Amino acid sequence: MNCRGKILALGERTHVMGILNVTPDSFSDAGQYLDVQQALDHAKLMVDEGATLIDIGGESSRPGASPVSSTEELNRVLPIVRLVADALDVVISIDTFKAEVARKALEAGAHIVNDITALHGDPDMVSVVAGTEAGLILMHMKGTPRTMQQAPQYEDVVRDVCASLSERVQYAEAQGVAPERIIIDPGIGFGKTTEHNIELLKRLSEFRSLNKPLLIGTSRKSFIGNILDLPVTERVEGTVATVCWAIAHGADIIRVHDVKANVRATLMTDALCR
Ligand code: 8Y7
């Protein structure tokens with residue numbers, strides 16, 4: 001996959017995307033990386049540990065989080081996108097659903113747009129992506145971050161999410177996004193109960209029918225906390241278990257906070273299943 005000149009060799013191995021939150025209220029790294037130097041150090045560490053992508057986000061998508069303006073989001077992410085792009089040989093994704101933030105982040109050196117609304121958040125997003133050679137992650141979410149955990153219901157969660165992603169892929173392609181630059185993601189935890197998340201993972205291989213690279217983000221999420229009865233700081237092993245399972249059932253990219261543990265698990269799982 002070629003994203004604005006940067007090559008991501010998919011299929012041969014699983015790629016690990018390290019999470020770089022630049023929000024004062026993000027749910028597991030609260031306020032730790034607001035400082036740009038600290039953020040760069042954290043990105044460097046993740047790359048040293050084996051991350052081949054860094055996902056930079058300036059707005060918390062935690063359930064119930066309050067929205068931030070484009071200006072505030074840009075103030076948070078742009079300096080860091082620039083620094084990471086200059087200093088590190090890594091694929092940068094910008095976690096935003098705002099077209100203006102995406103456009104400026106791509107200009108500053110990002111390669112992929114990670115849109116958790118799958119182009120529902122901003123009508124201008126699709127043309128920003130189509131007008132560049134950026135990659136696009138289409139993630140499924142039911143509702144909005146504020147409302148998504150209010151008793152989500154599905155007829156068949158896997159079929160519903162598959163159908164929704166398929167429709168979003170068709171829309172993106174019809175609007176000019178290159179088919180080979182689209183990545184899909186079922187959006188673990190976004191408008192899903194613990195049972196829904198487990199069902200999505202159990203039947204993950206059904207997403208292969210969409211013929212797109214598959215990204216999975218389970219890192220430290222509540223369903224792991226619910227099953228293990230552990231707080232967010234104690235979910236690494238649970239996360240690793242889901243990562244190995246996801247790779248064995250078709251994931252191409254995994255999005256995680258704890259890069260070292262998950263890279264080791266990924267290399268081992270790749271040796272067993274690829
Ligand atoms: C995901 C994500 C988050 C995910 C993609 C968290 C931004 C919540 N989760 N993007 N973002 N997939 N593509 O717990 O699962 O990290 S934020």
Side-chain angles (χ1 to χ4, degrees), residues 19 21 23-30 55 57-68 73 95-98 114-123 125 137-172 183-207 209-210 214-239 241-243 245-246 249-251 254-257:
I19 301 169
N21 282 320
T23 57
D25 62 344
S26 74
F27 107 106
S28 21
D29 287 311
D55 189 40
E59 175 167 10
S60 173
S61 36
R62 179 182 58 182
S66 45
V68 298
E73 201 178 329
D95 158 22
T96 189
F97 54 83
K98 297 189 188 82
N114 177 19
D115 185 350
I116 63 164
T117 72
L119 305 173
H120 282 302
D122 186 331
M125 182 65 101
I137 299 164
L138 294 172
M139 194 200 79
H140 175 272
M141 167 163 49
K142 198 174 178 76
T144 66
R146 220 164 51 77
T147 63
M148 66 188 179
Q149 291 311 105
Q150 295 165 5
Q153 284 181 21
Y154 299 86
E155 189 151 337
D156 174 329
V157 67
V158 179
R159 270 204 286 163
D160 290 5
V161 172
C162 251
S164 164
L165 285 174
S166 172
E167 184 276 326
R168 290 287 85 194
V169 165
Q170 280 181 39
Y171 170 73
I183 295 165
I184 56 165
D185 180 343
I188 297 294
F190 286 84
K192 284 108 183 165
T193 63
T194 295
E195 292 69 31
H196 291 143
N197 293 315
I198 293 296
E199 184 77 5
L200 285 165
L201 288 169
K202 275 190 181 168
R203 293 167 55 196
L204 194 64
S205 49
E206 293 179 33
F207 287 91
S209 66
L210 294 179
L214 182 60
L215 186 150
I216 297 294
T218 54
S219 190
R220 302 181 184 171
K221 283 183 179 172
S222 321
F223 79 110
I224 296 173
N226 292 339
I227 288 168
L228 300 182
D229 192 23
L230 287 172
V232 70
T233 52
E234 296 294 330
R235 297 178 189 165
V236 183
E237 299 84 357
T239 299
T242 62
V243 161
W245 173 273
H249 295 85
I254 56 135
R255 180 182 179 277
V256 295
H257 301 86

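Values below: all heavy atoms of this structure, side chains included; hydrogens, waters and symmetry mates excluded. Treat the numbers as computed from the prediction; the structure is a model and nothing was measured. Positions are given from 1, in the same order as the sequence printed here.
When all heavy atoms are compared, the tightest approach of L210 to C162 is CD1-O, 3.9 Å. Nearest approach of I116 to M141, heavy atoms of both residues: O-CE, 3.2 Å. The nearest pair of heavy atoms linking A172 to L119 is CB-CD1, 3.8 Å.
Between K142 atom NZ and Q153 atom CD the span is 8.0 Å, to the nearest 0.5 Å. Distance CG/L201 to CD1/I188: 4.0 Å, rounded to 0.5 Å. Here the CZ-CG distance, from F207 to L215, works out to 12.5 Å after rounding to the nearest 0.5 Å.
With no hydrogens or angles considered, a side-chain donor-acceptor pair links H257 and S219 at under 3.5 Å.
T194 meets the side chain to side chain donor-acceptor pair (under 3.5 Å) test with N226; sequence neighbours excluded. With sequence neighbours excluded, the residues satisfying salt bridge (Lys or Arg N to Asp or Glu O under 4.0 Å) with K98 are E59, E73. In this structure E234 satisfies the side chain to side chain donor-acceptor pair (under 3.5 Å) test with no other residue, sequence neighbours excluded. The side chain to side chain donor-acceptor pair (under 3.5 Å) check on T144 picks up T147, with sequence neighbours excluded.
The closest donor-acceptor contact from the side chain of R235 to the backbone of I224 lies at 3.5 Å or more, if one exists at all. Between the side chain of N197 and the backbone N or O of T193 there is at least one donor-acceptor pair closer than 3.5 Å. At least one donor-acceptor pair under 3.5 Å links the side chain of T239 to the backbone N or O of R220.
Among pairs with a residue in residues 146-170, those fulfilling ring-ring contact (aromatic ring centres under 6.0 Å, His included) read Y154-H196, at least two apart in sequence or across chains. Identified under the salt bridge (Lys or Arg N to Asp or Glu O under 4.0 Å) test for residues 187-201, with sequence neighbours left out: E199-R203.
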